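Nothing fancy with the numbering, it's 1 onward along the sequence. Heavy-atom basis, side chains included; hydrogens, waters and symmetry copies ignored. Please read all numbers here as calculations on a predicted model, not as lab measurements.
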Amino acid sequence: MALHAAAGTGPAGYWKPVQTGVDPTSAEAHAGSSRRQSATDADDTFEVMRLAGAPGSVFENPLRRYPLPASPHEAATHAGDVLPVEELAPKLAEIRSRSAERLWIVELAGGLLVPYRMDWLQIDWLQQIRVPLVLVARSGLGTLNHTLLSVEAARARGLELAALFLVGERHPSNERTLIETTGIPHVFVLEPLAPLDQASVAKWVAVARSHRGASLGQVLVRPPRPHPPSAARQDSNPSAATPVR
């Protein structure tokens with residue numbers, strides 16, 4: 001969604017720094033194909049490539065891919081590696097330096113407090129690079145506690161929350177509660193898409209508006225701020241991804 005919307009406003013790109021649950025060798029072998037293969041079924045870069053329908057977009061390879069479908073720190077240990085967290089910020093800076101006009105969507109590996117290492121959480125990196133966030137949470141039962149805890153954690157680190165996505169069947173009470181209790185500027189509701197393909201993604205982006213009437217593209221390309229905007233995706237508990245220039 002974010003990449004399609006970003007590409008509608010100008011040059012865009014996608015980077016997921018750490019991918020787990022994917023054989024690195026198999027993923028690299030299929031890097032030139034937009035069609036998902038069995039070996040890359042869990043690879044988010046290939047899935048975004050398949051769904052985004054964003055001509056001209058650039059897809060950066062993850063810094064690390066690990067076979068075990070687990071949190072980054074566990075998957076790295078299982079692979080006999082230690083995730084080089086010191087390389088994350090320089091890599092992002094290098095990616096951004098290639099084109100000042102390109103808007104990059106950076107997707108993280110699950111929620112804000114997921115460990116990259118035992119001594120380094122994803123939120124530690126976000127605090128280091130100081131980008132606004134878009135949280136993505138489920139819409140139904142359980143989302144209030146999970147989402148409010150994520151909002152509290154982000155704000156305790158001084159991070160800006162640009163938007164919230166509620167994914168799943170519409171739940172008006174949860175939606176209203178989170179709008180009122182979080183004060184997040186833009187809340188979007190993403191109900192299940194069937195089929196999930198480029199056409200349904202494009203249609204949603206074209207018509208979707210936040211509770212304040214803004215399109216996703218408008219949220220992602222706000223006027224320049226001291227720190228560039230970022231977005232966060234979530235599958236069950238709130239997670240993170242960031243669009244940055």
Is any side-chain heavy atom of V18 less than 4.5 Å from a side-chain heavy atom of L63? no

Residue pair L144 / L178, side-chain heavy-atom distance below 4.5 Å: yes

Is a side-chain N or O of H171 found less than 3.5 angstrom from the main chain of G140, in a donor-acceptor match? no

About how many Å separate CG of L190 and CH2 of W204, when rounded to the nearest 0.5 Å? 5.5 Å

Taken to the nearest 0.5 Å, the spacing of K91 NZ from W15 CH2 works out to 7.0 Å

Measuring only between side-chain heavy atoms, which start at C-beta, is F188 closer than 4.5 Å to V219? yes

Just by modelled atom types, is the K16 backbone N or O under 3.5 Å from a matching donor or acceptor in the E60 side chain? no

Taking the side chain as every heavy atom from C-beta outward, state whether T182 and L161 have any atom pair closer than 4.5 Å. no

Any idea which heavy atoms bring I129 and A89 closest together, and the distance? CG2-CB, 4.2 Å

With a 4.0 Å cut-off, would you call R65 and D23 a salt bridge? no

Going by side chain to side chain contact (heavy atoms under 4.5 Å, CB included), name the residues that satisfy it together with A5, two or more places apart in sequence or in a different chain. V205, L216, L220

Could you walk me through whether R64 and Q19 pass the side chain to side chain contact (heavy atoms under 4.5 Å, CB included) check? CA-CA 6 Å; R64 289 289 192 274; Q19 174 70 64; over 6 Å; no

Taking the side chain from T20 and the backbone from P72, do they hold a donor-acceptor pair closer than 3.5 Å? no

May I ask you to test the P62-T45 pair for a side-chain heavy-atom distance under 4.5 Å? yes

Verdict with reasoning, F165 to V189, per side chain to side chain contact (heavy atoms under 4.5 Å, CB included): CA-CA 6 Å; F165 269 63; V189 176; over 6 Å; no

Restricting to side-chain hydrogen bond (donor to acceptor under 3.5 Å, both in side chains), what partner residues turn up for R209, sequence neighbours left out? none

Pairwise side-chain contact, F59 with V48, heavy-atom cut-off 4.5 Å (strictly under): yes

Any chance the side chains of Q122 and Y116 put a donor and an acceptor closer than 3.5 Å? yes

Are V82 and V114 in one and the same hydrophobic cluster, where Ile, Leu, Val, Met, Phe, Trp and Tyr link if side-chain heavy atoms are under 4.5 Å apart? no

Drop me the distance from H211's NE2 to I179's CD1, to the nearest 0.5 angstrom. 4.5 Å

Is there a side-chain contact between E74 and L68 (heavy atoms, below 4.5 Å)? yes

Tell me the salt bridge (Lys or Arg N to Asp or Glu O under 4.0 Å) pairs involving residues 174-200, sequence neighbours left out? R170-E175

With side chain to side chain contact (heavy atoms under 4.5 Å, CB included) as the criterion, how do R155 and V151 come out once you've worked through the C-alpha distance, each side chain's angles and the decisive distance to 0.1 Å? CA-CA 6 Å; R155 287 178 172 160; V151 169; 3.4 Å; yes

Rounded distance [0.5 Å steps], OH in Y66 versus NE2 in H78: 12.5 Å

Between T143 and T147, do the side chains contain an N or O donor and an N or O acceptor separated by less than 3.5 Å? yes

Is W125 reachable from L83 through a run of I, L, V, M, F, W or Y residues, each pair having side-chain heavy atoms under 4.5 Å apart? yes

Given 3.5 Å as the limit, does a donor-acceptor pair link the side chain of S139 with the main chain of E169, or not? yes

Measure the spacing between CH2 of W104 and CG of L92 and express it to the nearest 0.5 Å. 9.5 Å

For the residue pair L112 and S150, establish whether any side-chain heavy-atom pair is separated by less than 4.5 Å. yes

Minimal heavy-atom distance between D119 and D124, with the atoms involved, is O-OD2, 4.3 Å

Take atom CD of E152 as the centre, draw a 6.0 Å sphere, and report whether it contains more than 12 heavy atoms from other residues, nucleotides or ligands. no

Is there a donor-acceptor pair closer than 3.5 Å between any side-chain N or O of D81 and the backbone N or O of A76? no

Any idea which heavy atoms bring P115 and L121 closest together, and the distance? CA-CD2, 3.8 Å

Here the pair of heavy atoms bringing A6 nearest to I105 is CB-CD1, 4.2 Å

OG on S215 to NE2 on H186, rounded to 0.5 Å: 9.0 Å

Backbone N/O of G158 and side chain of R130: donor-acceptor pair under 3.5 Å: yes

Is it true that Y14 and V221 fall in one hydrophobic cluster, defined by side-chain heavy atoms closer than 4.5 Å? yes

Check the pair R157 / L126 against side chain to side chain contact (heavy atoms under 4.5 Å, CB included), numbers first and verdict last. CA-CA 9 Å; R157 300 292 189 105; L126 293 174; over 6 Å; no

Shortest non-hydrogen contact between S200 and P195, atoms and distance: OG-O, 2.8 Å

